[in-house]
Participant: 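Provided herewith is a single structure, encoded as structure tokens, for subsequent inquiry.
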Amino acid sequence: MPVNATMGLAFAACGLLVAWYRPGNAIGWLLLADGLGHATTAGTASLALYGDDAGWPMPLVRGLATAGAHAWPWSIGLFLPLILQLFPDGRPAGPVLRWLAWATVATAPLFVLKMGAGPQAPSFLGA
């Protein structure tokens, strides 16, 4: 959780600065979205742990855990690769990277489903 919280803060802060000064550049918005994905995972994991200890209803705790498990894969499966592919001006540098960006967008949901919907319980629930 501390790693996701730190990454969430760092990516979101950088994204906010870039988006503020260059709103037409996709890099800032992607950095901001990447940070929000990591921060969502950190927040929902903390809430799920607290709720589990406090005796919250298990469907609510599992819902929080599921939301957290599905948030960070968007960051590393979609936003971060697009940041690298669109750097520095927010547009692909050529036709190959344009194709690669579309392939990244098309396959990212599959990565999210694989990582978020695995049979294992989230590690922060101690299972």
Side-chain angles (χ1 to χ4, degrees):
M1 283 184 293
V3 172
N4 275 319
T6 303
M7 290 176 71
L9 180 64
F11 276 112
C14 292
L16 187 62
L17 286 172
V18 174
W20 182 267
Y21 288 103
R22 300 281 188 255
N25 189 331
I27 301 296
W29 300 106
L30 289 167
L31 282 167
L32 187 58
D34 190 295
L36 291 175
H38 285 293
T40 299
T41 295
T44 56
S46 298
L47 277 174
L49 278 173
Y50 175 80
D52 192 37
D53 289 343
W56 288 2
M58 192 49 64
L60 177 60
V61 173
R62 291 223 176 250
L64 288 168
T66 299
H70 283 87
W72 70 268
W74 286 109
S75 294
I76 65 168
L78 178 62
F79 303 128
L80 187 57
L82 284 178
I83 290 165
L84 297 173
Q85 294 163 15
L86 302 178
F87 188 80
D89 62 357
R91 292 186 210 104
V96 172
L97 284 181
R98 185 174 297 114
W99 175 86
L100 185 59
W102 282 112
T104 301
V105 170
T107 59
L110 300 173
F111 177 72
V112 172
L113 287 174
K114 180 188 181 310
M115 298 307 293
Q120 72 282 0
S123 61
F124 55 82
L125 287 181

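Sequence positions, counted from 1, serve as the residue numbers for this chain.
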Participant: Distance from Met115 atom CE to Leu110 atom CG, nearest 0.5 Å?
Facilitator: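 One finds 13.5 Å between CE of Met115 and CG of Leu110.
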Participant: For residues 36-69, pull every pair meeting ring-ring contact (aromatic ring centres under 6.0 Å, His included), keeping only residues two or more places apart or in separate chains.
Facilitator: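 Qualifying pairs, neighbours excluded: Tyr50-Trp56.
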Participant: Got a second to check how far Asp53's CG is from Leu49's CG, nearest 0.5 Å?
Facilitator: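 These two atoms lie 6.5 Å from each other.
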Participant: Identify the two heavy atoms, one from Ile83 and one from Ile27, that lie closest to each other, and give their separation to 0.1 Å.
Facilitator: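 The pair with the smallest heavy-atom distance is O-CD1, 3.5 Å.
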Participant: In terms of hydrophobic clusters joined by side-chain contacts under 4.5 Å, are Ile76 and Leu84 together?
Facilitator: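 Hydrophobic grouping puts Ile76 apart from Leu84.
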Participant: For a quick test of reading the model, state the closest non-hydrogen atom pair linking Ala71 to Thr41 and the distance between them.
Facilitator: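 Heavy-atom minimum between the residues: CB-OG1, 3.3 Å.
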Participant: Looking only at heavy atoms, what is the nearest atom pair of Gln85 and Thr104, with distance?
Facilitator: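 Looks like NE2-OG1, 3.0 Å.
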Participant: Under a single-linkage definition using a 4.5 Å side-chain heavy-atom cutoff for Ile, Leu, Val, Met, Phe, Trp and Tyr, are Leu30 and Leu32 assigned to the same hydrophobic cluster?
Facilitator: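 No; Leu32 is not reachable from Leu30 via cluster members.
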Participant: Of all the heavy-atom pairs spanning Pro81 and Ser75, show the shortest one and how long it is.
Facilitator: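 Taking Pro81 first and Ser75 second, the nearest heavy atoms are CD-O, 4.3 Å.
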Participant: With a 4.5 Å limit on heavy-atom distance, are the side chains of Met58 and Asp52 in contact?
Facilitator: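 Result yes, sub-4.5 Å side-chain heavy-atom pair found.
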Participant: Is there a continuous path of hydrophobic side-chain contacts, each under 4.5 Å between heavy atoms, that joins Val112 to Val105?
Facilitator: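 Same hydrophobic cluster.
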Participant: Mind jotting down which residue pairs meet the ring-ring contact (aromatic ring centres under 6.0 Å, His included) criterion with at least one end in residues 66-117? Sequence neighbours excluded, please.
Facilitator: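 ring-ring contact (aromatic ring centres under 6.0 Å, His included) check on residues 66-117 returns no pairs.
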Participant: Nearest 0.5 angstrom please: Leu97 CG to Arg91 CZ, how far?
Facilitator: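 Between atom CG of Leu97 and atom CZ of Arg91 there are 14.0 Å.
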Participant: Write down the atom of Ala48, the atom of Ala65, and the distance for their closest heavy-atom approach.
Facilitator: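 So the minimum-distance heavy-atom pair works out to CB-N, 4.3 Å.
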Participant: Could you give the distance from CG (Leu86) to CG (Asn25), rounded to the nearest 0.5 Å?
Facilitator: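 One gets 8.5 Å once the value is rounded to the nearest 0.5 Å.
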Participant: Thr44 and Gly68: which non-hydrogen atoms are nearest, and at how many Å?
Facilitator: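 Thr44 and Gly68 have their closest heavy atoms at OG1-CA, 3.0 Å.
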Participant: Leu82 and Trp29: same hydrophobic cluster, using ILVMFWY side-chain contacts below 4.5 Å?
Facilitator: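 Different hydrophobic clusters.
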Participant: What side-chain donor-acceptor pairs closer than 3.5 Å can you find for residues 10-24, not counting sequence neighbours?
Facilitator:
none

